[in-house]
Amino acid sequence: MKIATWNVNSINARLDNALAWFSEAKPDVACLQELKCEDKAFPAQAFEDLGYHCLVHGQKTYNGVAILSRAMPEDVRRGLPGEDEDGQARYLEAVFPGKSGIVRVASIYLPNGNPLGTDKFTYKLRWMDRLHAHARALLKLEEPLVLAGDYNVIPSARDARNPEAWLGDALFSAEARAKFRTLLNLGLTDAIRQVHGDEPDLYTFWDYQAGAFKRNHGIRIDHLLLSPQAADRLKSARIDRDTRAQDHPSDHVPVMIELT
DNA sequence: ATGACATATGAGATATGA
């Protein structure tokens with residue numbers, strides 16, 4: 001079972017790239033972030049024609065997450081618990097049947113949090129606390145669970161080509177990194193690191209500006225975190241770096257795992 | 001030091017991203 005995550009930076013601007021990638025990569029479940037459209041503007045028909053069910057939690061202009069799947073989603077949750085007045089569409093979760101049993105999958109778009117010292121940063125930290133609480137509750141189910149998405153956190157210096165360039169940025173702040181670590185310490189496995197170990201230059205985002213991709217000035221901020229029951233079934237994990245070299249790319253690339 | 005680049009909105013310039 002192939003499970004992917006990809007921040008597309010507007011699904012409508014990225015439709016041709018996305019359809020090409022789905023046809024080639026053939027994920028069974030794909031979590032998308034930064035749709036930048038409301039539910040009704042999501043190009044569902046194009047993906048249905050490829051054989052996917054579209055579960056969409058959209059929002060006008062900003063944010064928006066989706067899960068596209070071969071199988072019908074069940075037990076759907078829209079929004080992260082813990083803050084009723086949170087109107088930002090950043091969390092979507094559902095259960096999917098597979099050949100080896102069910103997998104619960106979440107599509108996560110964790111707040112950026114820049115600049116430091118603002119409401120945006122405190123919102124990011126609060127959101128991470130809420131994610132921690134929800135992950136802890138989900139882990140009690142003892143199910144195969146994949147928390148996939150754009151975490152907007154560079155976990156450690158080896159996850160950036162130029163870590164010094166990210167000092168003072170919310171993505172590499174000590175607070176955000178510490179909260180990401182406490183999430184992992186619930187017993188979750190970072191799929192890319194589990195498969196690729198200390199291999200250098202594992203990046204999922206390159207800025208559009210200043211020739212960042214050409215200079216490989218990348219960072220690893222898109223992650224798939226696995227419960228023990230999912231980690232037991234982890235077969236492979238890869239970053240589809242080539243999509244960043246295509247015409248009209250997203251600034252993020254897809255990350256995909258295969259579970260047995 | 002600044003802006004670089006891309007996207008949505010909406011019709012020019014601003015907000016957001018990372």
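Below, read A as the first sequence line, B as the second, and so on, with proteins coming before strands; counting in each chain starts at 1.
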B/dA6 to B/dA18 separation - C1' atoms, rounded to the nearest Å: 12 Å
With the side chain defined as heavy atoms from C-beta on, A/Asp207 is closest, among B/dA18, B/dT9, B/dT16, to B/dA18
More than 12 heavy atoms of other residues, nucleotides or ligands under 6.0 Å from CD of A/Glu199: yes or no? yes
Distance-only donor-acceptor test (3.5 Å): side chain A/Asn112, base B/dA18: yes
Measuring only the P atom in each nucleotide, how far is B/dT14 from B/dA4? A whole number of Å is fine. 14 Å
Classify the nucleic acid contact of A/Arg215 as base, sugar-phosphate or nothing, counting any heavy atom under 4.0 Å across all strands shown. nothing
Taking the six-membered ring for Trp and the single ring otherwise, decide whether the centroids of A/Phe172 and A/Trp166 are under 6.0 Å apart. no
Considering only the P atoms, how many Å lie between B/dT2 and B/dG12, rounded to the nearest integer? 29 Å
Roughly how many Å apart are B/dA15 and B/dG10, using the C1' atom of each and rounding to a whole number? 13 Å
Classify the nucleic acid contact of A/Lys124 as base, sugar-phosphate or nothing, counting any heavy atom under 4.0 Å across all strands shown. nothing
Would you say B/dA18 has OP1 or OP2 under 4.0 Å from some side-chain N or O of A/Asn7? yes
Got a sec, which residues hit ring pair (Phe, Tyr, Trp, His ring centres under 6.0 Å) with A/Phe42, two or more places apart in sequence or on another chain? A/Phe47
Quick one: on DNA chain B, does A/Arg14 or A/Leu171 contact a more 5' nucleotide (nearest heavy atom)? A/Arg14
Which hydrophobic side chains are connected to A/Ile108, either touching it within the sub-4.5 Å cutoff or through other members that do? A/Leu80, A/Tyr91, A/Leu110, A/Tyr123, A/Trp127, A/Met128, A/Leu131, A/Leu138, A/Leu139, A/Leu141, A/Leu145, A/Leu147, A/Tyr151, A/Val153, A/Phe180, A/Leu183, A/Leu184, A/Leu186, A/Leu188, A/Leu225
